[in-house]
Amino acid sequence: MTIDRGKTAGNAGGNGGGQVAAKRPDKVTLKVYRFDPDLDKEARIEVYDIPWTDGMTVLDTLFWVLERVDGTLAFRFSCREGICGACALFINGSYRLACETQVARLLDEGRTEIHVMPLPHLPVIKDLVVDMARFWANYESIAPWIVARSKAPEKERLQSPKDRKRIDEYVGCILCGSCFSACPASWTDKDYLGPNAMMKTWRWVDDTRDAAKDERLGLVAGENGAWRCHTVFNCVEACPKKVNQAAAIQGLKRKTVSAMLRGAKGLKQGRKGLEE
Amino acid sequence: MIFHEVLVVGGGLAGLRAAIEAHDLGSEVAVLSRVHPVRSHSVAAQGGINAALANHPASQDDTPEKHAFDTIKGSDYLADQDAVELLTSEAPTRIFEMEHWGCPFSRLDDGRIAQRPFGGAGYPRTCYAADKTGHALLHTMYEQTLRRGIKVYEEWQVVSLSVADGRCHGVVALDLRTGRLEAIGARAVIFGTGGGGRIYGHSTNNITNTGSGIAIAYMAGVPLKDMEFIQFHPTSLFGNNVLMTEGARGEGGYLRNRLGERFMEKYAPKAMELAPRDITARAIQTEINEGRGFPGGYVHLDLTHLGAAKILERLPAIRDIAINFTGADPITDPIPIQPGQHYFMGGIDTNADGASLVAGFYAAGECACVSVHGANRLGGNSLLETIVFGRLAGRHAGGYVKGQGGEAAGKGAEKALAKTMTETEKRVTWVLEAAGPEDPADLRDELRESMFANVGIFREEKALAVGLDKVRELRARYPKIGIRNRGRKYNLDWARNLELEGQILVAETIAAGALARKESRGSHFRRDYMDRDDASFLRHTVAHLTKDGPRLEYRPVTITKWPPQARTY
């Protein structure tokens with residue numbers, strides 16, 4: 001797995017805004033994972049030749065297949081600008097958002113073909129569409145909403161820019177599921193909360209406005225929480241938005257230990273402790 | 001049959017806010033969305049949300065009334081002024097509510113919510129979370145939806161609305177994962193289905209913004225209002241038209257032509273880059289048309305003088321997008337931009353309660369037209385509209401089902417819904433089996449190209465007539481389409497081409513409304529009628545579906561305290 005974070009190698013976006021690094025081929029070979037568990041005995045790889053267009057993204061190639069070649073292809077999409085999280089896929093061996101992955105960049109990485117796979121380790125519904133039920137259930141289980149406890153002031157609760165900055169990385173998460181798909185502990189332990197749900201727990205623990213910190217730590221203090229993290233860092237490497245889930249989980253471990261040493265009552269209240 | 005007391009269609013900001021309100025008032029509520037709620041287009045809103053909080057050092061005298069005036073002037077006086085006053089007076093309360101719900105707004109040094117200048121606004125009143133304000137708001141709203149345990153049907157696409165005897169009885173929807181069609185009964189239905197930007201080429205909108213909610217309401221007999229008013233955003237990325245927020249100019253960015261000139265001084269000498277969007281978009285297009293753009297047709301959005309620190313703190317997503325799609329790093333390079341279709345000011349005809357002419361059918365957000373944006377929306381007012389009018393739609397729908405709408409609709413409702421189901425099944429099955437010679441992808445491409453070219457930034461009679469003819473030609477070709485996938489499960493070919501018919505019908509209301517409006521007002525600019533004509537056209541266009549196309553009626557604009565005056569910036 002490689003980290004896909006570099007500046008584009010010079011795709012022009014079809015607009016002359018950048019510099020084209022190399023001559024582009026007329027066609028690009030796209031290899032796509034195809035599988036309908038209701039109909040197919042096993043998955044197959046379908047090969048398509050896609051005519052090159054300047055500024056083409058992997059999502060564009062999938063749409064070209066859908067609209068012009070094979071209407072049976074299934075994939076998720078929405079914003080096409082890297083903010084909605086719908087199109088996270090496993091592309092040429094890396095977790096990437098199809099919409100912001102330039103085909104030119106893949107070619108500049110020395111590959112001549114584009115391999116598109118669904119998010120690994122999640123059940124396939126059809127082709128590139130996976131069942132994210134466990135991801136969403138884990139997310140919901142940590143009560144990912146503010147628990148303020150005090151009466152709301154007439155205006156806003158104050159938060160210094162410095163305190164706001166502490167959570168910036170974590171609120172930037174787009175819930176695409178890449179980290180969860182990449183986490184070896186999540187593959188083997190179906191009850192493990194996984195990197196996303198724990199990072200989101202940290203997002204609230206580290207938010208000065210939230211009042212249920214010990215109770216939140218209680219949710220991740222058990223064997224399926226922070227201590228199950230093996231610090232493999234796959235989540236960090238997979239994240240298209242550069243969120244450091246592993247650092248958040250380390251934070252949870254630190255805070256949990258200190259809450260235990262304090263004998264914090266909130267630790268033992270379970271999800272009930274997060275009800276206002 | 002599935003039944004919910006209140007059914008909300010759409011998981012974006014307006015839909016979720018409506019669901020939360022109806023739930024909190026004691027209604028049983030479900031949300032149905034074609035994508036997971038956090039994938040909704042609200043998530044892509046960048047620059048901010050307006051409220052006269054007077055937090056910014058330069059906005060100490062700001063008031064909701066001044067916000068109302070800016071909005072009305074920005075609307076070129078087509079907005080209903082009572083609705084605008086409601087919007088702006090509610091704004092601070094709704095922003096504080098989002099903050100209390102945990103929305104991670106950017107902050108001033110004293111800890112209050114940060115505000116930035118935006119186009120057409122007298123004060124810096126646009127609250128923001130860096131350049132990901134929609135993302136911050138939508139995730140917060142989704143958290144609150146989860147907290148209430150509101151049921152969400154994910155990846156269900158509504159296909160038709162059941163209306164009989166002037167009353168709404170529910171919807172028929174396609175469960176995309178199984179391909180099963182289901183009738184869903186409801187005492188009240190609220191649409192928060194978003195705009196239809198993808199009816200146009202060069203749109204900033206997400207791929208699912210097809211206008212299908214607007215089309216479904218229209219096909220069920222609900223009139224559409226002010227459809228000819230299409231906002232073109234001045235700064236979308238050249239090539240793929242991804243939005244480059246107005247906040248970039250709010251933070252001090254310049255627009256420059258090929259000669260390096262800050263050309264806005266010719267078009268809006270006082271407001272410069274922060275003129276309203278209609279004026280700025282036309283200015284850019286004029287520069288390009290008159291040969292002062294760059295080859296291919298773009299100008300520069302120049303942020304290089306802002307410095308790395310400001311760009312990294314306030315415009316990080318813009319920078320990432322520009323680097324990724326164009327190779328230009330805004331810290332050192334100007335960004336190539338061009339105007340792109342951005343927003344529907346018009347939509348489903350509603351009043352300020354979100355209510356339509358059909359009892360029990362409500363709409364809020366971009367799919368609705370209250371109207372608060374009139375002929376041109378100010379940046380930062382659409383996010384505001386979703387939370388103000390989403391809440392009100394939820395409130396009034398909740399009230400309706402407890403009162404008038406709760407009276408036993410009895411067999412009438414079930415019968416009406418069963419009839420809608422039968423008709424819908426026929427239509428849906430026809431598309432699934434369609435084997436004609438026309439490629440629907442061609443139809444879609446031709447529609448989008450024609451709408452941008454003929455019913456675009458600059459309009460005139462001849463082109464508008466060509467545009468309208470094109471829509472009618474596509475309408476005639478639609479019955480001859482063929483699709484490639486006959487399976488029911490997660491069939492995108494089917495789902496997308498099912499809604500193509502509605503896109504064509506909505507396009508017809510836009511082109512017909514634009515042809516009939518012989519004046520220039522806000523985003524609707526006619527080269528053959530360059531002036532605003534209040535005597536003839538200070539009125540809303542209302543389009544009703546007939547088998548021969550839209551029948552247009554006109555309705556007066558509500559003026560409270562701001563009589564129309566010349567609009568200069």
Among [range], which ones touch chain B with a heavy-atom distance under 4.5 Å?
| range | answer |
| --- | --- |
| residues 57-64 of chain A | A/Thr57, A/Leu59, A/Phe63 |
| residues 168-177 of chain A | A/Val171, A/Gly172, A/Cys173, A/Ile174, A/Leu175, A/Cys176 |
| residues 74-86 of chain A | A/Ala74, A/Phe75, A/Arg76, A/Phe77, A/Ser78, A/Cys79, A/Arg80, A/Glu81, A/Ile83, A/Cys84, A/Gly85, A/Ala86 |

**Side chain proximity check, B/Glu143 to A/Ile146, heavy atoms < 4.5 angstrom** = no
**Asked** Given side chains that start at C-beta, do those of A/Ile142 and A/Lys200 come closer than 4.5 Å, heavy atoms only?
**Response**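 Of all side-chain heavy-atom pairs linking A/Lys200 with A/Ile142, at least one is under 4.5 Å.
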Side chain, backbone, both or neither: which part of [X] has a heavy atom under 4.5 Å from chain A?
| X | value |
| --- | --- |
| B/Lys489 | both |
| B/Glu155 | side chain |
| B/Ser42 | neither |
| B/His36 | side chain |
| B/Cys103 | backbone |
| B/Ile95 | neither |

Looking at [options], which one has more heavy-atom pairs under 4.5 Å with chain A than the rest?
| options | answer |
| --- | --- |
| B/Leu492, B/Asp493, B/Asp320 | B/Leu492 |
| B/Val35, B/Leu53, B/Asn497, B/Asp109 | B/Asp109 |
| B/Arg444, B/His41, B/Arg486 | B/Arg444 |
| B/Phe96, B/Tyr142, B/Trp494 | B/Phe96 |
| B/Ala44, B/Pro104, B/Ala136, B/Gly296 | B/Pro104 |
| B/Ile113, B/Ile321, B/Leu243 | B/Ile113 |

Strictly below 4.0 Å, N to O, side chains only: are [X] and [Y] in salt-bridge contact?
| X | Y | result |
| --- | --- | --- |
| A/Glu275 | A/Lys272 | no |
| A/Glu140 | A/Arg271 | yes |
| A/Glu46 | A/Arg44 | yes |
| A/Arg149 | A/Asp210 | no |
| A/Arg166 | A/Asp206 | yes |
| B/Asp439 | B/Arg484 | yes |
| B/Arg314 | B/Asp131 | no |
| B/Arg112 | B/Asp110 | yes |

**Prompt:** Got a sec: does the NZ of B/Lys310 have more than 12 other heavy atoms crowding it under 6.0 Å?
**Reply:** yes
**Enclosure of A/Lys155 NZ (heavy-atom neighbours >12, cutoff 6.0 Å)** =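 Open.
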**Request:** With a 4.5 Å cut-off on heavy-atom pairs, point out which of A/Asp127, A/Val129, A/Ile167, A/Leu39 contacts chain B the most.
**Result:** A/Val129
**Request:** Check step by step if salt bridge (Lys or Arg N to Asp or Glu O under 4.0 Å) holds for B/Glu99 and A/Arg209.
**Result:** CA-CA 10 Å; B/Glu99 197 287 323; A/Arg209 300 169 298 170; 2.8 Å; yes
**Request:** Look up atom CG in A/Asp207 and atom CG in A/Asp163, then write down how far apart they are to the nearest 0.5 Å.
**Result:** 8.5 Å
**Request:** Measure the CZ-CG distance between A/Phe135 and A/Leu122 for me, rounded to the nearest 0.5 Å.
**Result:**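 Here the interatomic distance stands at 9.5 Å.
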**Asked** In terms of ring plane angle, is the pair B/Tyr298 and B/Phe294 parallel, tilted or perpendicular, where the classes change at 30° and 60°?
**Response** parallel
**Request:** For B/Arg198 and B/Asn206, run side-chain hydrogen bond (donor to acceptor under 3.5 Å, both in side chains): C-alpha distance rounded to whole Å, both residues' side-chain angles, the deciding distance at 0.1 Å, then the answer.
**Result:** CA-CA 8 Å; B/Arg198 288 275 158 173; B/Asn206 84 3; over 6 Å; no
**Request:** For A/Ala43, enumerate each residue passing the side chain to side chain contact (heavy atoms under 4.5 Å, CB included) test, keeping only those at least two apart in sequence or located in another chain.
**Result:**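 Per chain and number, A/Ala43 pairs via side chain to side chain contact (heavy atoms under 4.5 Å, CB included) with A/Tyr33, A/Phe35.
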**Prompt:** Do B/Asp175 and B/Thr178 have side-chain atoms, one donor and one acceptor, less than 3.5 Å apart?
**Reply:**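 B/Asp175 vs B/Thr178: donor-acceptor pair found between side chains.
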**Request:** Please lay out, stage by stage, how A/Arg34 and A/Asp70 fare under the test salt bridge (Lys or Arg N to Asp or Glu O under 4.0 Å).
**Result:** CA-CA 11 Å; A/Arg34 305 297 310 269; A/Asp70 186 347; 3.0 Å; yes
**Request:** Check each atom of A/Arg157 against the heavy atoms of chain B and say whether the ones under 4.5 Å are side chain, backbone, both or neither.
**Result:** both
